[in-house]
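Here it is, the structure, as structure tokens.
In what follows, every heavy atom counts, from backbone to side chain, and hydrogens, waters and symmetry copies are set aside.
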Amino acid sequence: MKTTVVRVPGRLLRDRHLAESAKLLWMILQLDAFGDHAPISTRLLQARSGLAWYTVMRGLARLESAGWLDSSDSKQIKANPLPWSST
């Protein structure tokens with residue numbers, strides 16, 4: 001079984017304006033980015049996270065407004081690539 005590691009920036013974890021559910025969604029999107037498949041749907045995000053549909057939608061909106069997510073194309077949801085730094 002292949003193990004995938006996701007680097008989670010401390011800045012995301014310390015962001016007090018984001019709920020834990022939004023941070024979980026960001027991590028799931030990062031894991032999904034390793035695959036060769038189409039961008040993840042909100043329904044699949046709901047299934048993978050165990051969160052309610054409304055919580056997923058609210059979390060995605062908050063991630064986008066905070067700059068952690070780019071969903072300008074409503075059919076594609078993907079986490080913004082991050083330049084890694086020591087902060």
Side-chain angles (χ1 to χ4, degrees):
M1 184 165 137
K2 182 179 176 184
T3 302
T4 303
V5 176
V6 173
R7 293 179 60 184
V8 181
R11 191 168 48 99
L12 174 72
L13 296 174
R14 291 187 300 270
D15 189 333
R16 294 180 186 202
H17 297 101
L18 289 176
E20 285 78 10
S21 56
K23 296 171 188 180
L24 173 64
L25 292 171
W26 185 90
M27 291 177 215
I28 293 169
L29 289 167
Q30 289 297 308
L31 283 170
D32 187 70
F34 287 103
D36 294 351
H37 43 80
I40 193 167
S41 68
T42 54
R43 186 176 299 246
L44 189 54
L45 272 175
Q46 182 182 355
R48 287 186 182 170
S49 67
L51 299 172
W53 178 83
Y54 179 78
T55 305
V56 169
M57 298 308 292
R58 185 179 56 202
L60 292 174
R62 289 183 177 170
L63 285 166
E64 185 173 19
S65 68
W68 291 102
L69 179 69
D70 177 20
S71 62
S72 54
D73 178 352
S74 62
K75 294 181 181 177
Q76 293 187 352
I77 301 171
K78 54 188 175 189
N80 282 335
L82 297 174
W84 291 102
S85 65
S86 60
T87 58

Check your understanding: Once you round to the nearest 0.5 Å, how far does CH2 of Trp68 lie from CZ of Arg11?
Key -> 4.0 Å
Please tabulate, one pair per line, all N/O donor-acceptor pairs under 3.5 Å involving side-chain atoms of residues 18-25, not counting sequence neighbours.
unit_1: Lys23; atom_1: NZ; unit_2: Leu13; atom_2: O; d: 2.8
unit_1: Lys23; atom_1: NZ; unit_2: Asp15; atom_2: O; d: 3.2

Exercise for review: Find the distance between OH (Tyr54) and CZ (Arg58) and round it off to the nearest 0.5 Å.
Suggested key: 5.0 Å
Check your understanding: Does Asp32 reach the side chain of Arg48, with side-chain heavy atoms less than 4.5 Å apart?
Key -> yes
Exercise for review: Determine whether Ile40 and Leu31 make a side-chain contact, defined as any pair of heavy atoms from C-beta on separated by less than 4.5 Å.
Suggested key: no
**Study point:** CH2-CG distance between Trp26 and Leu12, expressed to the nearest 0.5 angstrom
**Key:** 6.0 Å
Exercise for review: Search all heavy atoms of Gln46 against all heavy atoms of Leu51 and return the closest pair with its distance.
Suggested key: CG-O, 2.9 Å
